[in-house]
Amino acid sequence: MTTMAQIGQILVDVPTMQTNDPYSYAIPAELEHQVQVGMRVIVPFGRGHRLVDGVVVGLSDVTSFDGQLKPIETVLDLAPVLNSELRQLADWLATKTYAFRITCIQAMLPNLLKTQPKRQVRPTTTLSDAEMATYFPEGAPRDFDATKLDEETVAGLLKLQRAGEVEVVYQVKDQATAKTTTGITPALPPTKLNEIREAVSQRAPKQADLLAFLAQMPADKVIAQSEARKQANVSAAVMTTAAEKGWLTRSTLEVYRDPFHQPVTPTKPLQLNAEQQVAVSAITTAVDEQQTENFLVEGVTGSGKTEVYLQSIAVALDQGRTALMLVPEIALTPQMVNRVKARFGQRVAVLHSGLSKGEQYDEWRRIDRGEATVVVGARSAVFAPVENLGIIIMDEEHESSYKQDENPRYHARDVALWRGEYNHCPVVLGSATPSLETRARAAKGLYTRLVLPKRAKTQAMMPTVHVVDMREQMKLQGDSDFSEPLMTAIQERLDRHEQIVLMLNRRGYSSFVMCRDCGFVLKCPNCDISLTLHMDTHSMKCHYCGHEEPIPHVCPNCHSKKIRYYGTGTQKVQQALEQRLPDAKILRMDVDSTRRKGAHERLLRQFGEHKADILLGTQMIAKGLDFPNVTLVGVLNADTALGLPDFRASERTFQLLTQVSGRAGRASKPGEVYIQTFNPDHYAIQLAQQQDYERFFVTEMHMRHQGSYPPYYFAVQLTASHEEEAVAAKAMFQIVEALKQGLSPQAIILGPTPKAIARVKRKYYYQVVIKYKHEPKLRAVLEQIRQAAQVPARHGLAVTIDSEPMSFM
DNA sequence: AGCACGCCGACT
DNA sequence: GTCGGCGTGCTC
C-alpha cells in the first residue's frame, strides 16, 4: 500500500454558496486507514467547536488552503455510501438545478443517513441552586435548541455562557441503525451435543429437543433465535438455559426490515404479440451492445408495456447487469410491486415513501451490497446505488410527480438519462400519452419510438367516449353535478351489477362558500385562497396551511343568510349521489380518505372485491388501477384543469382524460366514458374523446410554437417570497432588472407577477419566467442572483430557481 | 446555519 | 463610560 493520504476534501453540511466547494481537513493517524472517498464524516466547523457532518469527496496530500487544518473528528461509515458515479451525478445535478452540492447528496441518500446535529449546554462550574432550578430543571446537560426554547431561557443561558459558567457542546447523532435480533450458534461440536442430550434428565425433554436441533445445525452458522425456537419448538427460557450451560452462544444478528413479507407466486414471461416482440428486441439489442440508446414506448393501457419492461429487464439480468424501474409514487401499489416481485423474486428491492425510514434504509443497503439487482421505486429511486446498470425504465414518463418541487428541483427523467449515458445502457420511457418534450425528442430522432397499438390480452374494444355539454344540461335541469346521460348510464350499470368509476377533478378545489347576495367568498386569513368546505369535520379548511374555522351561517360581509356552498367537492358529490341512488354502494377516494397509511390499498381492494358499485375520487383514481368489472367511467368536471393559468393545462387535461378513459371496459365487456364539460369544443377534450394522441401532439405543438413555450423554448422560473408583500415584490423587480441587463434581447421575460396563489402560509409570492433558446450568459446571471439573494435571505426573503418548471403557476 | 466581530443608540 | 442591539463576513 502506498502512503496514506494526509488530507481529506470534505463537503460540509452547510448549504451556502461559500461552502459549496470542499474544505480541506487533516486526517489523524488513527483514522488514516478508515477514511475513504464517499464516506460520511463529522468535522469541526467554524469558531468554537461546532460539529457538522460532511461527505469525503476527495483524498490528497496537498491543499491550496494555507491556514491551519482542523482534523476530521469521526468517520461515520465503514464503507462509502456514495460511489464514484453518484458523486459525479451530484456535481452535475448541483450545476443543472442551481442547488448546493450537499443538498444534492442528501437527496440521494436514504433519510436515515442524515445525521441529527444537536446542541446541548452544561455548567462548567457549580451553579447556584436557583440557577440550576431555572435552567436545568431536569438536570445537566440539557438540550439547547434556540428555536424551541422561550426567549427568556435562551437569553439567560447565553448570559451564563458569556460569563463562562456554562458551555455549549455539540453532538452529531448518526441515525443509521440496522435492526438486530438475537442470533444463536452451537458452541460445541455435534458429537458433544449428542452426548449431553443422552445424559440430560428425562424430565427435560425440551432441552433434549434443543440439543438435537443444535447438533444438526452447521457449526459455523448463526441463525435468529426466534427462528431456532420455531424449528426446535422450544421456549425462550430453554434458550437461556442452554446459553448458560454453554451449549450455544448468542450474538447480535443484523436483519432487514422486509416491507413485503407476503409470499408472491412466481410468474413466467408471457407470450408477446408482434409489436411487443419488436419493442423487446430493439431494447435488448441496446442492452446487449451496451449502447446508450433511449426509447419511447408508446402504448395505451393494456397494450402490454409492463411485459415489455419485464422481459427487457430479464435480459439485462441474464447478462449479470442490474435494472432500475421508475414508476410514479401513486402507481407503486402492491399490485405493481407484486408483479415485478413475481417475476424476479428476491432480487427486487422497492423504494418509496410508503416505507418506514428503517425499511427504506434496509432496501437501500440490499441494493448497495448488490443483494438486490432490480430496483423498483418512485422519483428518488433514480439515485439508487445500483452498480453496473443494464437498463433503466421510466413508466408513465409524463407524470409530473417525477419532478421534485423542492431543492434540488430535479426531474427524474433527466437523471435517468444521465445514468443511462454513464452506464452505457438504454433508458426506456413509457407512456400512453407522452409529454410533449419526450414525444418531440422522439420526432427529432433522439429517442427510438416504439409503438404498441393493440390491447395485448383479449383485443378488448376501446371504450366509447361521450362528451356531455354541461351548458345545455344547465339549461335543461339547472345546476347539477350529474347530467342526464350520465345518470342513465350509471343506472344501467347498477342494474347489470357492473361497476362505475367517477372522477372529480381536484380535491374540493371548487367547494367553497359564497354569499349569493354579495358574492363574498370565505378565504384563509393566511393564504390567498378560498377555504374548502369539509362536511366530515363540519368546518372550513385551508388546503395550503391547514387553517380551520367553523362554517359560517351568516355572511360576514353583508349579513345575508344566503351564504352557501358553491361548486363541488368529493364529499358533496357523494352525498348527492347517495340521495339519488340510495341503493348504490359508494366508495370515496381522495386525499382525505387516503391519508392514513395503507388506506389507499384498502379502498382499492374493497372496490376490486365488488364491495362497492361506485368508486368516486380525484385524479388518483385515474392511475394504475385495473378492474375488469368497471364498464363506465364518468368525468364530472373535465374543465377545472383547463382553466388554470398554465401552459401545460391542455396537456394535463388530455392526459388525464385519456388515462381515466382507459379504466373503462377491460376483458369482454365494452366500456363507456362520459366526460362532462363546459368546453365541449376544446381540442384537448375533443381529441381525448377520439383518443387521438397523435393529433393532440401536433395541435398542441402548434399552440406551444405560437406561444413560444416549451419544448420550443427552454424555461426558468424564479420565485421570491416574503411575509411582506412589498419586500417580495421589490426583490422580484430587482431580479427582473438584473435579468434584463444580463440576458440577450431574444430572451422572453414574463413578469414579474404575483403567483396565481399569491399568498401561502403567510408568505407572498412573486415570480418571473424566462423563456429562451440560446442564452450563454444565463448561468452567470442566475449565479449572480443567487449570490445576491444570500444577504436578504437572513430577513426571510426566499429566492428559488426552477429550471424547466412543470408549470408557470 | 451559527458564531464573532464591529458599529450604533440607551442605559447604569 | 458600558451593555447589548443587529448588520456583515467567515467557517478548512
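In the text below, chain A, chain B and the rest are named by the order of the sequence lines, each starting its count at 1.
With sequence neighbours left out, A:Glu73 forms a salt bridge (charged side-chain N to carboxylate O under 4.0 Å, His left out) with no residue at all. Under the ring-ring contact (aromatic ring centres under 6.0 Å, His included) criterion, A:Phe45 pairs with A:Tyr23, sequence neighbours left out. Every residue two or more places apart in sequence or in another chain that forms a salt bridge (charged side-chain N to carboxylate O under 4.0 Å, His left out) with A:Asp91 is listed here: A:Arg101. Legend: residues meeting salt bridge (charged side-chain N to carboxylate O under 4.0 Å, His left out) with A:Arg87, ordered by chain and number and at least two apart, are absent. A search for side-chain contact (heavy atoms from CB on, under 4.5 Å) contacts involving A:Glu737 returns A:Gln741, not counting sequence neighbours.
The salt bridge (charged side-chain N to carboxylate O under 4.0 Å, His left out) analysis of residues 797-809 of chain A, with sequence neighbours excluded, yields the pairs A:Lys403-A:Asp802. Within the structure, no pair that satisfies the salt bridge (charged side-chain N to carboxylate O under 4.0 Å, His left out) test touches residues 8-18 of chain A, not counting sequence neighbours.
For A:Gln790 and C:dG9, the CD to P distance is 11 Å, given to the nearest whole Å.
In terms of modelled atom types and a separation under 3.5 Å, the side chain of A:Asn423 and the main chain of A:Arg419 share a donor-acceptor contact.
Contact footprint of chain A on DNA chain B: nucleotides with an atom under 4.0 Å from a non-hydrogen protein atom, first to last in 5' to 3' order, B:dA1 to B:dA4.
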For nucleotides 10-12 of chain C, which of its nitrogen or oxygen atoms have a protein nitrogen or oxygen under 3.5 Å away, and what is each distance?
from   : atom 1 : to       : atom 2 : distance (Å)
C:dC10 : N4     : A:Arg794 : NH2    : 3.2
C:dT11 : O3'    : A:Gly46  : N      : 3.1
C:dC12 : OP1    : A:Gly46  : N      : 3.4
C:dC12 : OP2    : A:Lys70  : NZ     : 2.7
C:dC12 : O3'    : A:Ser24  : O      : 2.9
C:dC12 : O3'    : A:Lys70  : N      : 2.7
C:dC12 : O2     : A:Ser24  : N      : 2.5

